[in-house]
Peer 1: 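One structure coming up, written as structure tokens, with questions to follow.
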Amino acid sequence: MAGAVIVGWGTALPDRVVTNADLEATLDTSDEWITERTGIKERRVGGTTAGLAVAAGARALERAGLHGSDIDQVLLATTTPDRMIPSTASDVQHALGIKGGASDLNAACSGFVYGLVHAHGLIALGARRVLLIGSETLSRVTDWSDRNTAILFADGAGAVVLEATAGAGQLLGWDLGSDGSARDLLYADIGGYLQMDGREVFRRAVRATVDSALRSLQRAGVRATDVALAVPHQANIRIIDAACQRLGIPMERTATVLHATGNTSSASIPLALVDAIDRGRLHRGDLVLLVGFGAGMSWASAVIRWEADT
Ligand code: UT7
């Protein structure tokens, strides 16, 4: 069975910046509270899920030196499709000139890592190249008068191109899970706004992140101290802090971007990953731990050995 490696990456954010000061003007909240309790200073808002996905996907293709016609599957992780039917991946496929299969994947904020594992599966079964995108327009399902959620959620996209390789590939260990009994802790009905029990989600998020990461590390046969870069879901800096502390991974080896992006669900992990690459924090041969959790409640983690030149 063929292994896979990441050969291209790209992101896209809407132009409109909404700062904590902007939210102070319309909500009973403060920059101080939001910063202290979440780590978020500003977020981006606007666009469509397909539009952001196409922009991020095009950059990932360009970085890989490829065209849409070189891709045989596009997987779009999203909780905010533009329409019920068809998949938003169909719009992306059409816009980027991809000839192969296209489908959406919804595992909430764990969606990108779910997609990463699925993409390795597709390549193991014979696909040559998969374009994996996480794209969200959560601002459309956020009640901007609800301070419980409006301070957190935002829009953005991140993408990677995975390619078949002769050797075993980059994926060393993975873990995908879900506990459907907790599905009502964070949800949006069709046509409705996000509803969240923040405290309970927080409590479970730390545990899910740590437990899933440990399972992936164990499957990979490595220790947390071997990880050069942890790329956690960007929901709350306190969740990231607590989880990384329990795992024994210092913040110097953790990618964070949420101060500037807010929580972008499926897009948050690729946004943090690409930001770390752009800052020169990732090198060929590095061990990378990607770990997410979210509504469902779902969780997902993967340990990869970074193979691309950055
Ligand atoms: O992608 C996964 C999705 N979601 C998450 O990961 C979210 C996980 N949860 C969280 O990030 C946090 O629970 C929140 C940021 C949502 C809330 O932070 P918290 O530290 O858990 O605050 P809390 O809900 O315990 O509320 C503490 C106080 C309350 O006031 P009292 O009862 O102590 O007087 C709230 O009413 O803070 C108040 N509060 C606010 N104050 C100012 C709640 N939201 C706000 C706000 N501004 N936006």
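Residue indices begin at 1 and follow the sequence shown.
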Peer 1: Check L229 against A255 and note the closest heavy-atom contact, atom names and distance.
Peer 2: CD1-N, 4.1 Å
Peer 1: Which heavy-atom pair separates L282 from T310 by the least distance, and what is that distance?
Peer 2: O-OG1, 2.6 Å
Peer 1: Look at the side chain of S301 and the backbone N and O of S212, then say whether any donor-acceptor pair between them is shorter than 3.5 Å.
Peer 2: yes
Peer 1: Would you say L290 ends up clustered with L105 if hydrophobic residues are merged whenever their side chains have heavy atoms under 4.5 Å apart, either directly or through other cluster members?
Peer 2: yes
Peer 1: Less than 3.5 Å apart, any donor N or O on the side chain of Q170 or H120 sitting next to an acceptor on the other?
Peer 2: yes
Peer 1: Please name the pair of heavy atoms, one in I151 and one in I34, separated by the smallest distance, quoted to 0.1 Å.
Peer 2: CG2-CD1, 3.5 Å
Peer 1: Measure from the side-chain N and O atoms of S110 to the backbone N and O of S298, and report whether any donor-acceptor pair falls under 3.5 Å.
Peer 2: yes
Peer 1: How about L172 and L287: do any of their side-chain heavy atoms sit closer than 4.5 Å?
Peer 2: yes
Peer 1: Is the closest side-chain heavy-atom distance between D179 and R204 below 4.5 Å?
Peer 2: yes
Peer 1: Identify whether F112 and L176 are in the same connected component of the hydrophobic contact network (ILVMFWY, side-chain heavy atoms under 4.5 Å).
Peer 2: yes
Peer 1: Taking all atoms of both residues into account, what is the closest heavy-atom pair of L247 and A213, and its distance?
Peer 2: CD1-CB, 3.8 Å
Peer 1: From H233 NE2 over to I239 CD1, what is the distance, rounded to the nearest 0.5 angstrom?
Peer 2: 7.5 Å
Peer 1: If you round to the nearest 0.5 Å, how far is OH of Y114 from OG of S266?
Peer 2: 12.0 Å
Peer 1: Between the side chains of E136 and T80, is a donor N or O closer than 3.5 angstrom to an acceptor N or O?
Peer 2: yes
Peer 1: Using side chain to side chain donor-acceptor pair (under 3.5 Å) as the criterion, list what pairs up with S139, not counting sequence neighbours.
Peer 2: D155
Peer 1: Decide if atom CE of M1 counts as having more than 12 heavy atoms of other residues, nucleotides or ligands within a radius under 6.0 Å.
Peer 2: no
Peer 1: Among the clusters formed by ILVMFWY side chains lying less than 4.5 Å apart, do I269 and I6 turn up in the same one?
Peer 2: yes
Peer 1: State whether the number of non-hydrogen atoms from other residues, nucleotides or ligands found under 6.0 Å of D184 atom CG is greater than 12.
Peer 2: yes
Peer 1: Do we see a donor-acceptor contact under 3.5 Å between the side chains of T149 and D146?
Peer 2: yes
Peer 1: Are the side chain of R253 and the backbone of V227 linked by a donor-acceptor contact shorter than 3.5 Å?
Peer 2: yes
Peer 1: Distance from E32 atom CD to N20 atom CG, nearest 0.5 Å?
Peer 2: 11.5 Å
Peer 1: Between R246 and V206, does a side-chain contact (heavy atoms from CB on, under 4.5 Å) hold up when you go through it step by step?
Peer 2: CA-CA 9 Å; R246 288 186 200 182; V206 176; 3.7 Å; yes
Peer 1: Between I123 and V130, is there a side-chain heavy-atom distance shorter than 4.5 Å?
Peer 2: yes
Peer 1: Would you say R140 and T137 are linked by a side-chain donor-acceptor pair, where the criterion is simply a distance under 3.5 Å?
Peer 2: yes
Peer 1: Out of curiosity, I240 CD1 to T256 OG1, how far, rounded to the nearest 0.5 Å?
Peer 2: 6.5 Å
Peer 1: Determine yes or no for a side-chain-to-main-chain donor-acceptor pair under 3.5 angstrom, with S90 supplying the side chain and P86 the backbone.
Peer 2: no
Peer 1: Please tell me if the side chains of V141 and F153 come closer than 4.5 Å, counting only heavy atoms from C-beta onward.
Peer 2: no
Peer 1: Working to the nearest 0.5 Å, report the span between CZ of R215 and CG of D211.
Peer 2: 5.5 Å
Peer 1: Could you tell me whether the side chain of R147 and the main chain of D28 form a donor-acceptor pair under 3.5 Å?
Peer 2: yes
Peer 1: Would I277 end up clustered with L271 when hydrophobic side chains under 4.5 Å apart are linked, directly or stepwise?
Peer 2: no
Peer 1: Rounded to the nearest 0.5 Å, how far apart are CG of N263 and CG of L138?
Peer 2: 7.0 Å
Peer 1: Counting only heavy atoms from other residues, nucleotides and ligands, does the tally under 6.0 Å from CD of E200 exceed 12?
Peer 2: yes
Peer 1: What's the shortest heavy-atom distance between A102 and S87, and which atoms?
Peer 2: O-OG, 4.2 Å
Peer 1: Does R219 pair with D175 as a salt bridge, N-O distance under 4.0 Å?
Peer 2: no
Peer 1: Would T261 and T264 count as having a side-chain donor-acceptor pair, cut-off 3.5 Å?
Peer 2: no
Peer 1: Find out if a path of hydrophobic residues (ILVMFWY) with successive side-chain heavy-atom gaps under 4.5 Å connects V113 to V231.
Peer 2: yes
Peer 1: Determine whether M196 and V201 make a side-chain contact, defined as any pair of heavy atoms from C-beta on separated by less than 4.5 Å.
Peer 2: yes
Peer 1: Let's go through V161 and L66 carefully: what are the C-alpha distance in whole Å and the side-chain angles of both, what is the deciding distance for side-chain contact (heavy atoms from CB on, under 4.5 Å) to 0.1 Å, and is it a yes or a no?
Peer 2: CA-CA 9 Å; V161 178; L66 297 168; 3.8 Å; yes
Peer 1: When you measure from the side chain of Q234 to the backbone of P232, do you find a donor-acceptor pair of N or O atoms at a distance under 3.5 Å?
Peer 2: yes
Peer 1: Would you sort out whether R238 and R37 count as a side-chain contact (heavy atoms from CB on, under 4.5 Å), showing the intermediate values?
Peer 2: CA-CA 7 Å; R238 288 157 54 220; R37 298 290 181 125; 3.7 Å; yes
Peer 1: Answer yes if the ring centres of W174 and W299 are under 6.0 angstrom apart, and no otherwise.
Peer 2: no
Peer 1: Donor-acceptor pair, distance only, cut-off 3.5 Å: does the side chain of D104 make one with the backbone of A89?
Peer 2: yes
Peer 1: Side chains of K41 and T19, heavy atoms from C-beta outward: is any pair under 4.5 Å?
Peer 2: no
Peer 1: Could you report the tightest heavy-atom contact between L52 and G46, atom names first, then the distance?
Peer 2: CD1-O, 3.9 Å
Peer 1: Tell me whether R128 is salt-bridged to D72, with the criterion being a basic N under 4.0 Å from an acidic carboxylate O.
Peer 2: yes
Peer 1: With the side chain counted from C-beta on, respond yes when L96 and L131 share a heavy-atom pair under 4.5 Å apart, and no when they do not.
Peer 2: yes
Peer 1: For a side-chain hydrogen bond (donor to acceptor under 3.5 Å, both in side chains) check, start with the C-alpha distance between T88 and D91, then their side-chain angles and the critical distance, and finish with the verdict.
Peer 2: CA-CA 5 Å; T88 302; D91 292 282; 5.0 Å; no
Peer 1: Looking at side-chain heavy atoms only, is the closest gap between R305 and V288 below 4.5 Å?
Peer 2: no
Peer 1: So, are D275 and R279 salt-bridged, with charged N and O less than 4.0 Å apart?
Peer 2: yes
Peer 1: If we ignore hydrogens and angles and just use 3.5 Å, is the side chain of R43 paired with the main-chain N or O of A154 as donor and acceptor?
Peer 2: no
Peer 1: Look only at the side chain of Q73 and the backbone of L122, and say whether a donor-acceptor pair between them is shorter than 3.5 Å.
Peer 2: no
Peer 1: Take L162 and R129 through the side-chain contact (heavy atoms from CB on, under 4.5 Å) test and state the conclusion after the steps.
Peer 2: CA-CA 6 Å; L162 291 111; R129 293 191 194 94; over 6 Å; no
Peer 1: Keeping T142 on the side-chain end and W144 on the backbone end, is there a donor-acceptor pair under 3.5 Å?
Peer 2: no
Peer 1: Quick one: do D226 and R223 make a salt bridge, cutoff under 4.0 Å?
Peer 2: yes
